[in-house]
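Beneath this line is the structure, given in structure tokens, with notes to follow.
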Amino acid sequence: MMLLFAALALPACSRKAPESTGTQAQAPTFGVTPPVQAGADDLFEDVTAKVGIKFVQQFCDTRIANIIESNGSGIGVFDYDNDGNMDLFFCNPGPLAGVTHEAPGTPRQPCQLYRNNGDGTFTDVTGKAGLGGAGYAVAVAAADYDGDGWTDLYVVCVGKSILYHNNHDGTFTDVTEKAGVAAEGTGIGATWIDVNHSGRLDLYVAHYLSFDPNYKLYYDPTSYPGPLAYKPEHDILYTNNGDGTFTDASVASGIAALPPHRTMSVSALDLDRNGHQDLYLSNDATPNMLLINDGHGHFQDEALKRGVAFNALGEAAGSMTAAIGDCDGSGNPSILVSRLGYGSLYLRSAQGDYVDQMMASGLGTLTAQYVGWGCNFIDFDNAGKLDVFIANGDAFRMVGWQSLLLENDGHGHFSNAVEKGGAYFRTPVRARSSVVVDYDNDGRMDVVVGLMGDRPVLLHNRDRSGNHWITLSLRGTRSNPAGWGSQIEVRAGGSTYSQECRCPSGFLSQSDPRVHFGIGQAPKIDQIRITWPSGTVQTLTDIRADQILKVTEPSSR
């Protein structure tokens, strides 16, 4: 595997280590974090060991020595065996020449797939599935790319990425070369999106930067060269040919002509709800990008025009990822960006553009002292409002920081919910990726957090509010198999809730693909209205609450 490449011949703008705060704790070793004991009233309980998850991320160094090591690795949520239970996939980076500094001969530890047994426990099925993988695996994106009814897996690596086809029998086959999606480079993320209304899912692969292990021109002995020390790499858009192969459409789509940037993650969304899914790129030390789709798979960057390129201070701070959801009850998508530096909460204004309300929302004060990586909207008590979970971690040192649980008042104003959250939120961990998943199908959304050189943390939601919920599992017929791009409105108890069904990509990771609504005290749903990407509008009425509802797109309008 080759790492390319020459660095810029300019002085580096290094990521400067932040000042120590009282919330950080020096980790004496890289040992595995013991189970966190939850209190009787804690909302979340660490059940990782109890459910049988034994994965530990392989960190092949004595410290965070460079910008590639700093990023960590991700988690994938998908139902690989179609039993209705969400399974978990953990990426493992392992050793990489020129990047890591392990002892000679150190073997690579595999990625791991855990099958959900449906009884609250998991079984490691990596060997049978054939998903141990190879290379420096960092991110994951899962989808049924060939429309056969079974979810396939794309593992993003530094080097060659890997596409695994689901064989319908609990095993997978590496079809990367046949499909033509190796995407060589410094991979860091991916998302699935139907860019041209073909009814097939296309693949956008995010690339970071061309790392040069010999670059030394930086000035902070406690840090390492930052993103601007290295040349950016181009992202790649692969369009699905419908025969198991893909075509590189980066030039035809306009992706290849974008100004240089260093993508950290990519999020699919229909920003203006016109039926065409767009792309939001969270970039490191360059302005974020909003790629507006013309409906034919051609994109133009309108981030500056729409107000989502910079944070409220006018900075292009290091962005990690964007959580997408309607957090202010306006019916429009909000964009919450986690950053190394001041993050952003972009809310739609009456004029149709977006305004960064990070400080007005309360999130600025609550998050300013941390470096946020994985960032998720989550309705943790099914009250019908999107709260926030953020996985925090030091970018420069193997020390622990607390994660954040932030409660929404329903209008986009947030407060610290650490006391509700419980013991985990007082525990310093080296967090990076995070996903939201209802792993036990009880309608209460759980969280999985990926840690650096450590085990993951599965947080079981023990909400006792008695609030109701509905979860939708969509299956497209005329639209793409996942129904991604569908607009959903749920009316219950006099309130209307809006969400887009989309590929739930986050930092290095992908969350539960089903669409979850908390509906408060409403005992039933009056109406569910789904506008599918094909244009078909489907209306369901008088639906029982507290169920996972499978919905198939009508074959005709």
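In what follows, residues are counted from 1 in the order of the sequence shown.
- In this structure, a donor-acceptor pair under 3.5 Å is absent between the side chains of N166 and T151.
- No donor-acceptor contact under 3.5 angstrom links the side chains of S319 and S282, judged on distance only.
- Of the candidates D87, D83, D124, D83 is the only one forming a salt bridge (Lys or Arg N to Asp or Glu O under 4.0 Å) with R115.
- Defined by atom type and a distance below 3.5 Å, a donor-acceptor pair is missing between the side-chain atoms of H165 and T173.
- Donor-acceptor pairing under 3.5 Å is lacking for the side chains of N196 and H296.
- At a cut-off of 3.5 Å, with distance as the only test, a side-chain donor of H460 or D440 sits close to an acceptor on the other residue.
- The closest donor-acceptor contact from the side chain of D512 to the backbone of D438 lies under 3.5 Å.
- Side-chain atoms of S479 never come within 3.5 Å of backbone atoms of G199 as a donor-acceptor pair (strictly under, hydrogens ignored).
- Side chain of S486 to backbone of G483: a donor-acceptor contact under 3.5 angstrom is found.
- Counted by atom type alone, T536 and R478 present one or more donor-acceptor pairs between their side chains at under 3.5 Å.
- Using a 3.5 Å distance cut-off with no hydrogens or angles, the side chains of R262 and T286 do not pair a donor with an acceptor.
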field: Test salt bridge (Lys or Arg N to Asp or Glu O under 4.0 Å) applied to D387 and K385, step by step
entry: CA-CA 6 Å; D387 311 300; K385 52 187 178 52; 3.3 Å; yes
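- For H197 and H276, the gap between ring centers is short of 6.0 Å.
- Side chains of E500 and Q277: a donor on one and an acceptor on the other come within 3.5 Å.
- Side-chain polar atoms of S505 and Q510 form no donor-acceptor pair below 3.5 angstrom.
- Between Q487 and S498, the side chains place no donor N or O within less than 3.5 Å of an acceptor N or O (distance only, hydrogens not considered).
- With Y145 as the partner, the ring-ring contact (aromatic ring centres under 6.0 Å, His included) test is satisfied by one option alone out of F246, Y238, Y164, Y154: F246.
- Between F78 and F172, the ring planes lie perpendicular to each other; the angle is over 60°, past the 30° to 60° tilted range.
- Checked by atom type and distance alone, the side chain of D326 pairs as donor or acceptor with a backbone atom of G331 at under 3.5 Å.
- At distances below 3.5 Å, at least one donor-acceptor pair connects side-chain atoms of Y280 with backbone N or O atoms of V308.
- Remark: the backbone N or O of D526 is not paired with any side-chain donor or acceptor of R491 at under 3.5 angstrom.
- Under the 3.5 Å distance criterion, with hydrogens and angles disregarded, no donor-acceptor pair is assigned to the side chains of N82 and H168.
- Classified by interplanar angle (parallel below 30°, tilted 30° to 60°, perpendicular above 60°), the ring pair F90/Y114 is perpendicular.
- Within a 6.0 Å sphere centred on CD of E489, heavy atoms belonging to other residues, nucleotides or ligands number more than 12.
- Side-chain contact of R339 with S344: a donor-acceptor pair under 3.5 Å is present, judged by distance alone.
- Distance alone, capped at 3.5 Å, places no donor-acceptor pair between the S473 side chain and the L549 backbone.
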task: In sequence, state the C-alpha distance, the side-chain angles, and the governing distance for R306 and D272, and then conclude on salt bridge (Lys or Arg N to Asp or Glu O under 4.0 Å).
output: CA-CA 11 Å; R306 305 283 185 119; D272 40 16; 3.6 Å; yes
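- With hydrogens and angles disregarded, no donor-acceptor distance shorter than 3.5 Å links the side chain of N480 to the backbone of D194.
- Residues N392 and S403 bring no donor and acceptor atom of their side chains to less than 3.5 Å of each other.
- In this structure, the side chain of T126 engages the main chain of L113 through a donor-acceptor pair within 3.5 Å.
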